[in-house]
Enquirer: 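I am attaching a structure below and will ask some questions about it afterwards.
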Amino acid sequence: MPVLTTDKGAVWRRRTTGQSLFHWFIWLVGIAIFVVCWQQISEATTWFFVWDAPRIAGDIWSRATPPKWDYIAQLGRPIWDTLNIATLGTIIALFMAIPVAFLAARNTTPSKLFIRPIALFIIVATRSINSLIWALLLIAIIGPGVFAGVIAISIRSVGFCAKLLYEAIEEIQESQVEAITATGASRWQVMAYGIVPQVLPALAGIAVFRWDINIRESTVLGLVGAGGIGLQLSASLNVLAWPQVSLILLVILAAVVLGEWVSAKVRAAII
Amino acid sequence: MLKLKKLVKTYRTGDQALKAIDLEIPAGQVLALIGPSGAGKSTMIRCINRLVEPTSGEVWLAERELTHLGSGALRRARREMGMIFQEYALVERLSVMENVLSGRLGYVGFWRSFLRRYPQSDVDEAFRLLDRVGLVHMADKRADELSGGQRQRVGICRALIQNPKILLVDEPTASLDPKTSRQIMRLICELCAERGLAAIINIHDVALAQRFVQRVVGLRAGAIEFDGPPEGLTPDVLTTIYGEEDWEATIEKAEDEDEIEAAE
C-alpha cells in the first residue's frame, strides 16, 4: 500500500519500504551474477587473440578489398536460386500455416482439448529448429540442392506464420462473426465472410515479413549444400578467396535491401 | 408469433442473466425492451436466435420450438430472424453490397456465396432495399467508408434481405447521434409496418422508445418488471426498473419532442 497515513495527512509513494528493499535486493543479485559471469568468461578467454583482433581484421579487410567485380558473372544464377528458395519456401509455408493457424486459434479450433494442443505443438516444433539444421536433415533425406533448401525454409516458416496468424484470428471482432452467424450461415460461410476478411491484411503482412526473413535465411543455406549463394560463399571461404567473399556479401546485402524495400512497399499498400 | 416460456440463462460464472422469462409477441408488433445495463436485454434476444444458448425454457417461433433444434434446423430457423446490432457489426472490409447479400447466406450454398455468384433475384432485392434506405449509390463502397447512420442502414438491409418473420434489434441507436438515432428508429418501425414484421428492440433511450413503439417491456435483473403501452411508463414504473432518479424530465422530453414533431 503506497498510500501511508501519517499525522500530517495521506502520503503517496511509488513503493512501500518493503517493496523498495526488495527491488534493491533484486538489483544487487542481478549485478552480482553479471560480475561473476564476466569473471568466468574472462578466465576462459585467450586475451592475446582478442587484443590481436583489430590487426587481423585490418589484414582481412585489406585482402578483401577491392571486391573481385568480374566474379559477379558467376553469382547471377546462385542469387536467383536464393530468391527462389525464399519465395517458394514462403508460399509453401503459408499453405501449411493457414490450416494450422485456424486449428490453433481459440475461437476457430474444432476442439480446444485435442486439436489445439496438436496445432500448437506443430508451431513450436517447427519454430524451435533452425533452418540450417532442417537443411542438414533434408539433404541427408532428399539429397543436396535447391529443393532441400525450399523445404527447409518452408518447414521453418510454418510455425512463425501460423503463430502470428492465429494471434490475428484470435483478435478479430467477434461481433462481425456473430452477425454472419445470425443470418443462418454455415460454419464455412461464417469463416469466409466473418473471419477471412478480417485476417486478410494480417496474412498479407505476415507473408511479406516472412519472405523478407527467408531471403536472409536462404543466403546461408548453401553453407551446408542446400543451394543458393551460400554455396559460393562457402567455396570462396574455403579457399580464402577474400575478394570473392566480399563481393558475395555485397550481393547478399543488395538482395536483403531489395527484400526489405519490397516488403515495406507491400505492407504500406495493405494498411 | 414469438413465444418465450420460462426462459432461463445462467452464465457459467453463476450470474443469472434471465430468470424464467415469459413473453408473447403477436405478429406485426414492435416491442421495446428497456432496462439498465446488465439487466439481460442483450442476453434475451441472443437466446432467441441462440447466439447465446439458453439454460432452460422454450422459445417458440411460429409453430416451431427453437431450443432443441440441431445445427442444420437452427440455421434454417435463424434465416427467419433478422438481427440488427449496436455497433452495426458489418464486415468492415467487404463492400456494402456484399454486406447486404450476406443476409442471404442461409439460402445460398458455400461456393456460390464464396464466389459471390448470388441469384439475380437476391441482387435485385438488395438493390431495392438499398434504394429504400437511400444508399443505392453507396453499393460499391467499402463498409468502413460509411458514417454510423449509413452503416446501420446497411445493417437493416442485411437483416431484411433474409425475409425474416421477426427482427431482433440490439441497441440500434447506442452509437448514433440523437437526430440519426431518431431516423434509424423511424426507419426500423416504418419497415416493420410495411412488411408486417414483429420486432424486439433493445434500447437505452426511454424517450426514443416511447415515441416509436406500441409496447414496452421493462427488464430488471433478468426479470420482467413492466409490460404495457408506452404511456404506462410513469416515474414510479421507471424507478422500479432503473432505480431512484428524477424521471419527470425524461418523460416530458418525449412529450416535447412530439410537439416539436407536430409543429414541423
Side-chain angles (χ1 to χ4, degrees), chain A residues 94-95 98-99 101-103 105-113 115-116 164-209 266-271, chain B residues 42 45-46 48-52 69 71-95 98-116 142-144 154-155 158-164 167-171:
Chain A
L94 286 174
F95 272 105
I98 290 169
F102 275 97
L103 296 179
R106 264 188 213 92
N107 46 357
T108 53
T109 185
S111 154
K112 268 184 208 167
L113 218 56
I115 296 178
R116 183 159 190 265
L164 290 182
L165 187 60
Y166 98 72
E167 279 167 3
I169 295 171
E170 285 184 350
E171 278 166 22
I172 58 171
Q173 272 185 31
E174 214 44 54
S175 64
Q176 299 180 26
V177 180
E178 216 180 21
I180 298 297
T181 313
T183 65
S186 68
R187 201 187 163 89
W188 288 99
Q189 286 175 325
V190 172
M191 198 108 113
Y193 272 76
I195 299 172
V196 169
Q198 291 195 62
V199 296
L200 223 44
L203 177 67
I206 293 163
V208 288
F209 186 25
V266 172
R267 257 176 285 173
I270 299 160
I271 299 159
Chain B
S42 267
I45 63 168
R46 280 174 169 73
I48 294 171
N49 64 0
R50 281 176 62 192
L51 286 178
V52 171
L69 295 180
S71 68
L74 174 63
R75 294 206 290 115
R76 282 189 291 281
R78 278 177 176 160
R79 301 193 304 203
E80 295 173 356
M81 299 179 279
M83 193 157 176
I84 297 169
F85 293 82
Q86 176 173 359
E87 300 275 357
Y88 332 121
L90 301 181
V91 182
E92 308 250 315
R93 295 183 60 85
L94 295 184
S95 73
E98 285 173 303
N99 268 292
V100 176
L101 285 172
S102 69
R104 296 300 292 177
L105 285 176
Y107 298 88
V108 177
F110 175 77
W111 287 108
R112 285 196 89 160
S113 65
F114 185 74
L115 300 170
R116 310 298 195 256
R142 230 170 71 166
D144 54 6
V154 176
R158 175 174 65 188
L160 288 177
I161 203 170
Q162 286 177 232
N163 202 10
L167 284 182
L168 306 172
V169 191
D170 191 16
E171 303 280 1

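Sequence lines set the chain letters: A, B, ... in the order given, protein chains first and strands last, and positions in each chain run from 1. Fair warning: this is a prediction, and the values are worked out from it, not measured in the lab.
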Enquirer: Between CD of B:E87 and CD of A:Q173, what distance do you get to the nearest 0.5 Å?
Expert: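 Atom-to-atom, B:E87:CD and A:Q173:CD are 8.0 Å apart.
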Enquirer: With side-chain contact (heavy atoms from CB on, under 4.5 Å) as the test, pick out the partner of A:T181 among B:R50, B:R78, B:R75.
Expert: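 It is B:R78, the one option of B:R50, B:R78, B:R75 that forms the side-chain contact (heavy atoms from CB on, under 4.5 Å) with A:T181.
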Enquirer: To the nearest 0.5 Å, what is the distance between CZ on B:R104 and OG1 on A:T183?
Expert: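 Interatomic distance, B:R104 CZ to A:T183 OG1, rounded to 0.5 Å: 10.5 Å.
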Enquirer: Testing the basics here: between A:S175 and B:A89, what is the closest heavy-atom pair and its distance to 0.1 Å?
Expert: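 It is O-CB, 3.5 Å.
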Enquirer: With a 4.5 angstrom heavy-atom cut-off, could you sort out which part of B:L51 is near chain A: side chain, backbone, both or neither?
Expert: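 Side chain of B:L51 only, per the 4.5 Å heavy-atom cut-off to chain A.
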Enquirer: Indicate the atoms forming the closest heavy-atom contact of A:P197 with B:R93, along with that distance.
Expert: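 Closest approach of A:P197 to B:R93, heavy atoms only: O-CD, 3.1 Å.
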Enquirer: So which residues of residues 200-209 of chain A are in contact with chain B at a heavy-atom cut-off of under 4.5 Å?
Expert: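 Residues in range: A:P201.
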Enquirer: What option among B:M81, B:E92, B:R76 has the most heavy-atom pairs under 4.5 Å with chain A?
Expert: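 Most heavy-atom pairs within the cutoff with chain A belong to B:E92.
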Enquirer: Can you say whether B:F110 sits under 4.5 Å from chain A via the side chain, the backbone, both, or neither, judging by heavy atoms?
Expert: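 Looking at B:F110, backbone and side chain both touch chain A.
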Enquirer: Taking atom CZ of B:R116 as the centre, does the number of heavy atoms from other residues, nucleotides or ligands within less than 6.0 Å exceed 12?
Expert: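 Atom CZ in B:R116 is packed in, count exceeds 12.
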Enquirer: Are any side-chain N or O atoms of A:Y193 and backbone N or O atoms of B:S113, one a donor and one an acceptor, separated by less than 3.5 Å?
Expert: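 Indeed, once roles are kept as given, a pair shorter than 3.5 Å links the two residues.
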Enquirer: Under 4.5 Å, counting heavy-atom pairs only, tell me which of B:L168, B:I84, B:L94, B:L74 racks up the most with chain A.
Expert: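 Ranked by contacts with chain A, first place is B:L94.
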Enquirer: Heavy-atom distances under 4.5 Å only: say whether B:M83 touches chain A with side chain, backbone, both or neither.
Expert: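 Only the side chain of B:M83 comes within 4.5 Å of chain A.
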Enquirer: Restricting to non-hydrogen atoms, name the atom on B:F85 and the atom on A:A182 that form the minimum distance, rounded to 0.1 Å.
Expert: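 It is CZ-CB, 4.4 Å.
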